[in-house]
Amino acid sequence: MTSPVGLAWPQRAALILGVLLVAWGVADLVRSEPRLAVLHLVTGVVTGVAAVRTRVARLVGSLMGVVYLVVFAFGVSEPGGAMDAGAVGNAAHLLIGFASVGVAESCAWCEQRARRAARPH
């Protein structure tokens, strides 16, 4: 098992994002919001586990970015609907969507940098 210290910074960001999503999912369970709880718990675990490798974190970051931006769109377009998390929750979904895309882009940058460093000069 790789320690968090040995991870590249985008991987650590993915791990932190995963932990935050799991905590949010637990809070959703306490507040009796099962749909959002499942979304946050599952995506949190997947994002946290994906942090082990930059390539996997890049793929999961891209997918989670799409998922959370779509959830944001449904949340704001259907007030009171299944994916509406209120103003603060919807804003958090938007931020998580952009953060996930940022993790994906940062992982791609780290992979390119590692390939350039591995090339013989």
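All residue numbers refer to positions in the sequence shown, counting from 1.
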Problem set entry | Pair listing, salt bridge (Lys or Arg N to Asp or Glu O under 4.0 Å) test, anchored in residues 87-103, at least two apart |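 Of all non-adjacent pairs touching residues 87-103, none passes salt bridge (Lys or Arg N to Asp or Glu O under 4.0 Å).
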
Exercise. Which residue pairs satisfy the salt bridge (Lys or Arg N to Asp or Glu O under 4.0 Å) criterion with at least one member in residues 72-96, sequence neighbours excluded?
Worked result: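 Those involving residues 72-96 do not exist here.
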
If you link ILVMFWY side chains whenever their heavy atoms are less than 4.5 Å apart, which other residues fall into the same cluster as [X]? By chain and number, please.
X: Trp109; value: Trp9
X: Phe72; value: Leu69, Val76, Leu94, Phe98
X: Val49; value: Val22, Val26, Leu29, Leu41, Val45
X: Val103; value: none

Exercise. Under the side chain to side chain donor-acceptor pair (under 3.5 Å) test, which residues partner Thr47, sequence neighbours left out?
Worked result: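 Result, side chain to side chain donor-acceptor pair (under 3.5 Å) vs Thr47: none returned.
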
Exercise. Of all residues at least two apart in sequence or in a different chain, which pass the side chain to side chain donor-acceptor pair (under 3.5 Å) check with His93?
Worked result: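 So His93 forms a side chain to side chain donor-acceptor pair (under 3.5 Å) with His40.
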
Exercise. What residue among Val42, Val46, Leu39 forms side-chain contact (heavy atoms from CB on, under 4.5 Å) with Val67?
Worked result: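 When Val42, Val46, Leu39 are each tested with Val67, the side-chain contact (heavy atoms from CB on, under 4.5 Å) holds only for Leu39.
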
Hey, can you pull the donor-acceptor pairs under 3.5 Å for the side chains in residues 51-63, sequence neighbours left out?
| residue | atom | partner | partner atom | Å |
| --- | --- | --- | --- | --- |
| Arg58 | NE | Glu111 | OE1 | 3.2 |
| Ser62 | OG | Arg58 | O | 3.0 |

For this session: Determine which pairs satisfy side chain to side chain donor-acceptor pair (under 3.5 Å) with at least one residue from residues 63-77, sequence neighbours left out, and list them in order.
Result: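 Every pair satisfying side chain to side chain donor-acceptor pair (under 3.5 Å) with a residue in residues 63-77: Thr43-Tyr68.
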
For this session: With sequence neighbours excluded, tell me which residues meet salt bridge (charged side-chain N to carboxylate O under 4.0 Å, His left out) with Asp28.
Result: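 Salt bridge (charged side-chain N to carboxylate O under 4.0 Å, His left out) list for Asp28, sorted by chain: Arg31.
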
Exercise. Below 4.5 Å, heavy atoms only, C-beta onward: do Val19 and Ile16 meet side chain to side chain?
Worked result: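 Result no, sub-4.5 Å side-chain heavy-atom pair not found.
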
For this session: Using the test side-chain contact (heavy atoms from CB on, under 4.5 Å), find all partners of Ser100 that sit at least two apart in sequence or belong to another chain.
Result: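 Checked Ser100 against side-chain contact (heavy atoms from CB on, under 4.5 Å); matches are Leu17, Met64, Ile96.
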
Exercise. At their closest point, which heavy atom of Leu21 faces which heavy atom of Gly44, and how far apart are they?
Worked result: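 For Leu21 versus Gly44, the nearest heavy atoms are CB-CA, 3.5 Å.
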
For this session: State, to 0.1 Å, how close Trp24 and Gly89 come at their nearest heavy-atom pair, and which atoms those are.
Result: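 Looking at all heavy atoms of both residues, the shortest contact is CH2-O, 3.8 Å.
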
